[in-house]
Structure formats: structure tokens, C-alpha cells
Amino acid sequence: MTDASLNTPAHSGKQLSQADAHTKKRNAAEKRFRAYGLSAILIGLFFLVVLFTSIIRSGLPAFTRTVVDVEFTLTQEQFDAAEKELFKTKAYSNLFIAELQGKLGEKGVEVEFDEKAIERLLGKVGSTIREHYKENPDTLGAPVRFELAASSRVDGYFKGRVTRDTLQDSRFLQLSDLDLVDALEEAGVIKQAFNWTFITGTDSGVDNPGGAGIGASVVGSFFMMLVVLALSLPIGVAASIYLEEFAPQNKFTDLIEVNISNLAAVPSIVFGILGLAVFIQFMHLPQSAPLVGGLVLTLMTLPTIIISTRASLKSVPPSIREAALGVGASKMQTVFHHVLPLAMPGILTGTIIGLAQALGETAPLLLIGMVGFVARGYPEGFAQGFTEANSAMPAQIYTWAARADVSFYEKAWGGIIILLAFLLTMNIIAIILRRRFERRW
Amino acid sequence: MYDAPRSTENTVSTEDIKFECTDCQVYYGDNHAIKDVSVKIEDKTVTAFIGPSGCGKSTFLRCLNRMNDTIDVARIEGSFLLDGQDIYDRKVDPVQLRAKVGMVFQKPNPFPKSIYDNIAYGPRIHGLARSKADLDEIVEKSLRRGAIWDEVKDRLHAPGTGLSGGQQQRLCIARAIATEPEVLLMDEPCSALDPIATAQVEELIDELRAQYSVVIVTHSMQQAARVSQKTAFFHLGNLVEYDETSKIFTNPEDPRTESYITGRIG
């Protein structure tokens with residue numbers, strides 16, 4: 001090593017078992033790089049766990065609600081007597097209170113309360129009971145189970161949002177009412193139940209967080225996704241096939257290519273205002289309709305689908321094209337019989353990414369009027385689903401998050417859970433489809 | 001025009017000219033890839049194109065079934081007559097031409113489909129089979145002529161890409177002859193094969209000579225000497241010499257040909 005002449009190989013005389021300085025340096029660099037990579041993944045996983053725990057912790061309460069569950073029997077005589085009173089609903093609530101007191105007495109729980117307290121807890125109980133018996137007179141005399149939703153503040157007391165320390169007496173809830181709630185809980189009358197209204201219901205007013213549901217918005221999102229899929233997949237794939245396989249290479253197609261890439265980077269709100277101007281103000285399509293929302297999101301999704309479709313068409317080996325042309329297939333037969341089937345998994349991946357983006361998009365929907373409070377009912381039929389005013393999940397969540405009442409906060413988180421579940425379902429369907437096409441030979 | 005055949009084995013009838021190409025020029029953009037090539041390719045003959053890499057022999061081969069059409073920058077001049085008809089005529093549909101002039105590529109490129117579908121694809125798109133039984137017959141006949149029937153007859157519905165390299169190449173040859181072409185172009189068909197598979201393919205080429213005009217591009221001079229009756233030597237885009245294979249390899253006229261076959265250039 002000391003006598004290094006041109007004729008001596010550079011590595012002669014070195015021990016294989018002893019790493020020299022250069023090798024050590026290289027090995028250290030590799031180790032460092034691995035550590036960077038591992039820590040990057042760990043940090044990512046940490047944030048993912050934080051995200052999911054916070055979503056689940058804050059969102060799960062939206063799926064339960066506090067109800068007063070009482071079995072109540074009203075005889076024909078009581079019904080007739082109540083109907084003769086001047087304040088009919090008051091008569092019914094008095095009957096209900098008497099029943100409740102009886103229940104509490106049976107269980108040996110002593111508590112003082114009046115009609116006002118019941119109204120603060122459960123709202124207008126009398127009218128609910130009266131309506132039930134007016135509609136179903138045949139249930140008179142037999143026991144009927146009433147599941148009455150408690151007010152959002154009582155619900156908050158159960159979920160820890162309202163405590164005795166922070167509660168200030170108001171016309172909504174008083175400290176003494178909490179004693180009644182505790183007593184009812186002890187008697188097993190008040191309890192937590194699964195909140196089907198949240199999943200199947202529609203948006204409620206700002207003062208009724210308990211009745212708010214995301215069902216209508218889910219339907220709105222579903223119809224929008226139908227429009228996006230039906231338009232963007234065929235248009236996007238056809239455009240990419242033309243550009244990739246048929247179009248001549250010249251300045252004009254270069255310009256189109258650059259602009260497609262640019263379109264993919266345009267902020268979504270720009271598409272929203274474009275949709276407002278073109279689809280609603282110029283073409284007079286209905287406002288707040290999933291059809292218009294779908295059209296706007298299609299414009300937004302197309303560049304994503306075109307870019308990924310072109311990439312997967314490009315990745316099909318040219319030898320397959322040559323083979324097909326060599327046996328006398330036309331250009332179109334080559335593309336549709338051989339290239340497209342091989343590119344299908346990639347196309348589906350691009351489509352699902354585009355659809356997922358479209359599903360979570362809020363800003364353009366707000367501009368075309370698909371705000372949360374529009375989702376007040378279900379469409380009457382399939383066709384109306386496209387044209388009747390509705391909202392979409394992200395817009396609904398945004399509306400809830402912006403409302404003053406803190407009980408809407410958990411609804412927003414719960415909505416996020418539903419949105420993610422919807423997205424997951426979509427992805428699973430796409431993965432199953434891709435597996436089908438991915439039967440590689 | 002040509003010398004009389006020297007051996008009975010290499011007997012060629014000079015009357016049947018399949019391809020007559022005169023003053024052909026090919027440009028890739030500014031690059032003049034083929035210069036003034038004129039050649040007459042005979043029927044029922046194996047013609048070999050030899051020459052160093054980049055000399056234009058593959059380019060010229062691809063002109064014969066218009067595979068260069070797919071390259072935007074390629075420009076082709078001169079006349080290419082197949083049975084007296086100009087294949088670059090406006091009225092000629094390249095798809096019909098390619099059904100008549102089949103091609104086998106350097107790398108085996110079976111479709112990612114079953115062995116059966118690989119063979120049946122050409123006849124299907126050209127409407128050569130009227131029924132399923134017809135198609136079955138074409139597939140069997142092609143695979144037999146491709147000398148691969150015995151190896152695959154029990155797994156016709158297995159993927160074509162699962163075969164070995166040599167089998168894949170014979171499958172591709174079988175695929176090319178399934179459409180009943182008149183000319184078979186082969187672009188270095190054995191370059192990816194081992195000697196045993198090469199021998200099988202060469203044997204196959206020799207058998208195909210009975211019905212087809214075969215044009216083969218090859219880097220192996222031994223292969224050219226073994227399978228062909230006529231040989232064309234390309235150098236830097238020029239056709240240097242075109243003659244009986246035996247003459248090219250024993251008594252070349254041009255010094256460049258001699259240097260190439262003796263290994264001094266290329």
C-alpha cells in the first residue's frame with residue numbers, strides 16, 4: 001500500500017475484514033438515510049393515529065343521544081277528559097308528569113319537579129303525546145313506549161359538555177333540573193341510545209342540534225358522485241386515448257397538454273364560480289342541485305383522470321402495440337383490444353383519486369348554493385335526486401362547524417366519520433374492480 | 001441479372017419476384033437512414049439482411065409492411081411494389097397490407113392472453129374463421145406449423161407469456177402465420193434465444209420457405225449462411241451488395257462486404 005505504483009491494483013494488500021475509511025463513510029451514510037426514512041414513516045404514523053383518535057373521540061358522541069324511555073298507558077276516559085280541557089297539551093303533560101312521578105316513587109327516588117322543568121328537559125311533551133293518540137286512537141288503553149329525546153343541554157350533561165360547575169341557570173336549563181336528571185337516571189328512565197336520526201335524518205334548524213342528521217347530504221353526495229363518474233370517466237378516458245394514441249405531435253397538442261396540467265392545479269373555488277356563472281346564471285340549471293354540483297366537480301376531476309390515464313397508457317409496453325399492428329390490427333383495435341385492458345388498473349386508480357377529491361370538495365359547492373341548511377328533505381324519486389335542492393357531506397359538515405351551538409360541533413365530527421366511511425366504501429369497490437382487471441398473464 | 005445457382009440445395013426460381021423496391025429513401029427527421037436502396041425479394045426464398053448495427057436493415061424491413069407509419073418523423077420515398085402494386089399508394093390500407101405481410105419481432109411479444117387467443121386474434125379480426133370449429137382448426141394448424149403444437153396442445157388456455165423465451169418466439173411465429181400472409185418479415189428473431197431454441201426456429205424458417213417469402217434480419221452471419229438463399233449486406237444506410245448467399249460468403253465483390261464477413265468492420 002505504501003508503494004503504490006501504477007502496476008499495483010488499488011485494493012491490494014487491504015484486509016477484507018477491515019473496512020477502510022471510505023467504506024465506513026459510505027456505510028454510515030446508508031445508515032443515516034435509513035434512519036431518516038424510518039423516522040419520517042414513524043412521524044407520519046403518529047399523526048395518523050392522532051388524527052383517527054381525535055376523529056373517533058369527538059365524532060362518536062354524535063351517534064348517541066339521550067332519551068327518556070317511558071311506558072305510558074292512557075285510558076279512553078283520560079283521553080276524553082284531556083280533550084275537554086282548555087289547555088289540552090298541558091293536560092297531557094300533567095298526565096305524563098303523574099306517570100313519571102309514579103315511576104320514580106316505585107323505585108324509591110324522591111325528587112321535586114314541575115311542568116316547567118320537564119319542558120326544559122324534554123321540550124313540549126304534552127303535544128307529542130297528544131299527537132300520538134290523535135293519530136293512533138286504537139292504542140288507547142294499552143301501554144305505549146315513548147322514547148322522548150332530551151334537550152341538547154341534558155345530552156351535553158351526559159356527554160360531559162355541561163357540568164354542574166359551568167352551568168348557569170337560564171331558561172334552557174337550571175341547576176335544579178340536573179337533580180331531576182340524576183334521579184331519572186337512577187330510576188333507569190333516562191338513558192343513552194343509538195342516534196338513528198343522525199344517520200337517516202336531514203339538517204335541522206340552528207336551535208335544534210339534537211334533530212340534525214346527515215342522511216340527506218349523503219344522498220346529495222351520492223347523486224353528485226353518479227354525475228361525476230358518468231361524465232368524467234368516459235370523457236377523460238376518451239380524451240386521453242385520443243391525445244396519447246391518435247393525436248399528431250405538434251404545437252397545438254403541446255398547448256393542450258400544458259393546459260391540462262395547469263387545470264389540475266387550478267383552485268377548486270375557481271371552478272365553483274365558473275359553475276355559478278355558466279351552469280346557473282347562463283344555462284339556468286336549478287340552484288343547489290346535485291346535477292350542477294356534479295358538473296362543476298366533473299370539470300375539476302377531468303384533469304386528474306386525463307393525466308393518470310395518459311400515464312398508464314404510456315406505461316403499456318410498445319411491443320404489445322407492435323405485435324397487434326403486426327398481425328394486421330387497426331389502430332383502434334390495437335388500442336381497445338390490447339392497450340386499454342392493460343392500462344385499466346391505472347385508469348381506475350386515477351379515477352378513484354379524482355372521485356375522492358371530488359367527494360371532499362366544499363368550496364365550489366358553497367358557491368353554487370349547496371350549503372348545509374338546504375338539505376331539509378330527501379328527494380322524492382331517483383330523477384329528482386339530481387335536480388332537487390340538496391347539500392353534500394362536506395358542505396353539511398362545514399355548515400355545522402360554523403354554527404354557534406356547541407352541540408353542532410360533535411355533529412361535524414360525526415359527519416366526518418360518515419364521510420370517511422363513504423370514501424372507504426368507494427375505495428373498496430374500486431379495489432375489487434381493479435383486482436378483476438388486474439388478472440395479469 | 002443473378003448468377004446461376006451453385007448448389008442444388010439453394011435452388012431459387014428467379015421468375016417470382018415478390019417485392020420490388022426501387023430507389024428507396026427513408027428519413028428520420030434530418031437523418032437519412034436508407035439511401036437509394038433497390039432490391040428484388042423473391043418468392044419462396046429466405047432473404048437475409050446483414051450488416052453492422054445502425055446500418056438500416058431493420059428500418060428497411062419495417063418499410064416492407066409499413067410499420068414505420070407509426071413513427072411521426074419517418075419519411076419514406078421511392079417505390080415498394082408488392083406483386084406489382086405500390087404499397088405506399090394512397091388507396092392501400094396498411095391494415096390489409098399487414099395481413100399479407102406478417103412480422104415477427106426481435107423480442108418475443110405474445111399478447112398477455114391465452115395461447116389460443118394469441119393465435120386466434122389475427123384470424124378473428126380478419127374474419128378468416130366462420131365458426132368456432134374453423135378457428136380451432138386454424139389455431140391447431142398454425143401451432144403445428146410453428147413447431148410448438150406438441151408442447152402446448154394440453155394447455156391452450158394457459159397464458160402465452162408463461163412459456164419459455166424460445167417457445168414464446170415460436171408462438172409469435174405461429175401467430176404471424178395464422179393470418180395466412182404471403183411474406184414473413186423477421187427482425188432478428190433469434191437474438192433473445194439460446195442455441196437450441198435458435199436451431200428450432202431456424203429449422204422452422206427453412207420449412208416455411210416452401211410457402212412463404214421470408215425476409216430475416218440477423219446479426220449472426222452464420223445464421224444468414226445457414227438459413228438464407230439470398231443475402232443483402234447493408235452498410236451506413238446503403239445496400240452494398242445483394243446476391244446469392246453462397247456468393248456473398250465465399251466470393252464477395254465489394255471490399256466492404258468482405259471486411260464485414262471476415263470481421264474487420266462492424
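Just so we're clear, the structure is a prediction, and the values are computed from it rather than from any experiment.
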K.L.:
Got more than 12 heavy atoms from elsewhere within 6.0 Å of CD1, A:Ile256?
P.N.:
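Counting neighbours around CD1 of A:Ile256, more than 12 heavy atoms of other residues, nucleotides or ligands fall under 6.0 Å, so yes.
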K.L.:
Within the distance-only criterion (no hydrogens, no angle test), does the side chain of B:Asn109 pair as donor or acceptor with the backbone N or O of A:Ile320 below 3.5 angstrom?
P.N.:
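Not a single qualifying donor-acceptor pair exists.
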K.L.:
Quick check on the 6.0 Å ring-centre criterion: do A:His337 and B:Phe111 meet it?
P.N.:
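A:His337 vs B:Phe111: aromatic centres not under 6.0 Å.
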K.L.:
Between B:Asn65, B:Val104, B:Val95, B:Val73, who has the most heavy-atom pairs with chain A when the cutoff is under 4.5 Å?
P.N.:
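Between B:Asn65, B:Val104, B:Val95, B:Val73, the count favours B:Val95.
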K.L.:
Is the CD atom of B:Glu207 crowded by more than 12 outside heavy atoms at less than 6.0 Å?
P.N.:
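More than 12 within 6.0 Å, yes.
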K.L.:
If you count heavy atoms of other groups shown closer than 6.0 angstrom to CZ of A:Phe246, is the number above 12?
P.N.:
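Yes, enclosed.
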K.L.:
Can you list everything that forms a ring-ring contact (aromatic ring centres under 6.0 Å, His included) with B:Tyr116? Sequence neighbours excluded, please.
P.N.:
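If we apply the ring-ring contact (aromatic ring centres under 6.0 Å, His included) test to B:Tyr116, skipping adjacent residues, the hits are B:His157.
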K.L.:
Does this structure show an ion pair linking B:Arg62 with A:Glu322, if we count only N-O contacts that are shorter than 4.0 Å?
P.N.:
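The answer is yes: the pair qualifies as a salt bridge.
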K.L.:
How would you list, in number order, the residues of residues 125-138 of chain B that have a heavy atom less than 4.5 Å from chain A?
P.N.:
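Listed by number: B:Ile125, B:His126.
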K.L.:
To check you understand the geometry: which heavy-atom pair defines the closest contact between B:Tyr121 and A:Ala329, and what is its length?
P.N.:
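Result for this residue pair: OH-CB, 3.8 Å.
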K.L.:
Which of residues 175-186 of chain B have a heavy atom under 4.5 Å from any heavy atom of chain A?
P.N.:
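Near chain A, by residue number: B:Arg175, B:Thr179.
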K.L.:
Just wondering, are more than 12 heavy atoms of other shown residues or ligands nearer than 6.0 Å to OH in B:Tyr88?
P.N.:
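Yes.
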K.L.:
Among A:Ser319, A:Pro317, A:Ala323, which has the most heavy-atom pairs under 4.5 Å with chain B?
P.N.:
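Most heavy-atom pairs under 4.5 Å with chain B: A:Ala323.
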K.L.:
Please enumerate all residues that pass salt bridge (Lys or Arg N to Asp or Glu O under 4.0 Å) together with B:Lys153, with sequence neighbours excluded.
P.N.:
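For B:Lys153 the salt bridge (Lys or Arg N to Asp or Glu O under 4.0 Å) partners, ignoring immediate neighbours, are B:Asp150.
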K.L.:
How far does CG of A:Leu325 sit from CZ of B:Arg98, to the nearest 0.5 angstrom?
P.N.:
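Spacing of CG (A:Leu325) from CZ (B:Arg98) equals 5.0 Å.
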